[in-house]
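Order of the sequence lines fixes the chain letters, A, B, ..., with proteins taken first and strands second; residue numbering starts at 1 for each chain. Quick caveat: nothing in here was measured; it's all calculated off a predicted structure. The analysis underlying the following values was restricted to heavy atoms, covering all of them including side chains, and did not include hydrogens, waters or symmetry mates.
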2 protein chains.
Amino acid sequence: MELAEAKLKFIEAWGKLGSEWGINRTMAQVHALLMVSPEALTTEEVMAELSISRGNANMTLRDLIDWGLVEKQHKTGERKEFFFAEKDTWVIARRVAEERKKRELDPVLKILGQLTEIQGDEKDPAFKTFKTSVTDINKLAKNVNNTLETMLKAEESWFFGSIFKIFK
Amino acid sequence: MELAEAKLKFIEAWGKLGSEWGINRTMAQVHALLMVSPEALTTEEVMAELSISRGNANMTLRDLIDWGLVEKQHKTGERKEFFFAEKDTWVIARRVAEERKKRELDPVLKILGQLTEIQGDEKDPAFKTFKTSVTDINKLAKNVNNTLETMLKAEESWFFGSIFKIFK
DNA sequence: AATGTTTTTCATTTATTTTTGAAAGTTTAA
DNA sequence: TTAAACTTTCAAAAATAAATGAAAAACATT
């Protein structure tokens with residue numbers, strides 16, 4: 001397999017995975033492209049490599065910067081902006097976990113917390129089932145939350161070292 | 001807050017979370033509805049509660065059955081089919097993890113495995129960066145895979161007990 | 001086997017998400 | 001200050017995903 005072909009496969013696979021996990025396919029593809037590029041790329045280059053429009057490239061790059069996965073670079077003597085991706089997988093995993101926790105898990109935890117407070121007739125099966133289910137889901141969500149928080153504080157070695165051993 | 005109101009909030013929150021994670025909103029809502037229902041429901045009831053069409057209800061319920069999150073029930077003397085959800089959060093988490101691993105992680109692992117095999121000029125920065133990035137991502141993916149596999153084999157107490165302690 | 005009941009299918013419609021591209025906005029340097 | 005280089009915005013278009021509903025199929029009852 002040639003490098004060019006492998007690159008395309010990687011970009012495609014990353015894009016697909018992203019879209020299955022609620023991340024815009026193009027965003028995942030731009031991320032993949034920058035991940036395997038030794039040099040920072042210009043908007044023009046991203047547009048050309050992935051055949052996407054200027055507007056799309058610009059918005060996608062900004063989103064990636066918001067996620068903390070891509071940074072702008074300015075080269076002396078150049079007017080253009082260059083973009084490059086964080087390449088340390090541990091940092092990437094942390095950034096994604098952090099961002100999704102903040103955007104998705106935290107709001108759900110808040111609602112679940114409210115819903116577990118509900119008062120009602122303990123003899124009513126509808127009430128009892130609701131309470132039990134919501135309480136259980138809340139427990140699960142809290143557990144996931146604790147796990148994530150610990151992970152976010154942890155060191156890379158923890159993830160690639162000790163956890164691996166515990167789990168293997 | 002009333003039960004009816006709380007139920008709606010829960011269904012809404014679950015639907016939103018689902019859609020953010022690549023799961024059809026309606027599917028997550030039907031799941032939420034069945035989770036908090038003490039009795040198994042008919043298609044008609046699901047349609048009425050969520051104001052969705054017969055076709056949608058039918059397909060969604062089938063998908064939930066495919067995911068192992070919902071089961072059909074036949075009541076003696078009744079022609080209609082009844083549907084009820086698995087309510088044990090540990091079982092739910094496992095089923096979802098299992099299914100997504102199979103559908104999404106496994107294919108990606110396969111491709112990454114192929115891509116790490118690529119041969120090329122070690123002095124070419126484009127090649128070196130590709131190889132390094134793909135190898136690192138492959139490591140991360142394998143690590144996630146190991147973690148999931150261990151989780152899938154584990155007991156509930158492991159998740160709600162020991163892990164919690166390790167992480168707290 | 002004819003009839004009423006329930007479930008499934010799927011072509012079409014509707015809703016949502018993503019992309020485009022041209023115009024407006026910014027920045028830089030002569 | 002002006003003009004070219006570059007970036008951002010956003011209304012409209014295109015692509016994609018999801019939902020509808022009527023018809024067909026499957027099923028059960030007499």
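Between Lys72(B) and Met59(A), the residue anchored nearer the 5' end of DNA chain C, judged by the nucleotide with its closest heavy atom, is Lys72(B). Residue order along DNA chain C, read from the 5' end via each residue's closest nucleotide, puts Lys80(B) first among Ala57(A) and Lys80(B).
One cannot find a donor-acceptor pair under 3.5 Å joining the base of dT6(C) and the side-chain atoms of Arg79(B).
In this structure, the CE atom of Met27(B) is 11 Å from the P atom of dA18(D), given to the nearest Å. Atom CD in Glu20(B) sits about 15 Å away from atom C1' in dT17(C), given to the nearest Å. Atom CG of Leu50(B) is separated from atom P of dT20(D) by 11 Å (rounded to the nearest Å).
At least one side-chain nitrogen or oxygen of Asn56(A) sits closer than 4.0 Å to the OP1 or OP2 atom of dT20(C). Look at Asn24(A) and you'll find a side-chain N or O under 4.0 angstrom from OP1 or OP2 of dT19(C). Contact annotation: Thr43(A) does not reach the phosphate of dC6(D) (side-chain N/O to OP1 or OP2, under 4.0 Å).
Minimum atom distance to the side chain of Asn58(A) is reached by dT9(D), of the listed dA18(D), dT20(D), dT9(D). Of the candidates dT19(C), dT8(D), dT8(C), dT8(C) carries the atom nearest the Glu81(B) side chain, counting heavy atoms from C-beta on.
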Exercise for the section: Dump the intermediate steps for salt bridge (Lys or Arg N to Asp or Glu O under 4.0 Å) on Arg54(B) and Glu44(B), then the final yes or no. Expected result: CA-CA 8 Å; Arg54(B) 182 174 304 284; Glu44(B) 303 281 342; 3.0 Å; yes
Practice task
For the pair Arg94(B) and Glu98(B), evaluate salt bridge (Lys or Arg N to Asp or Glu O under 4.0 Å) and give the outcome as yes or no after the intermediate values.
Solution key: CA-CA 6 Å; Arg94(B) 279 177 59 139; Glu98(B) 202 165 7; 5.5 Å; no
Handout entry: Working for salt bridge (Lys or Arg N to Asp or Glu O under 4.0 Å), residues Arg100(B) and Glu20(A)
Key = CA-CA 9 Å; Arg100(B) 299 203 77 156; Glu20(A) 286 164 340; over 6 Å; no
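Between Arg103(A) and Glu99(A), at least one side-chain nitrogen of the basic residue sits less than 4.0 Å from a carboxylate oxygen of the acidic one, meeting the salt-bridge criterion.
Note on Arg62(A): only backbone sugar-phosphate atoms sit closer than 4.0 angstrom, heavy atoms only; bases stay farther off.
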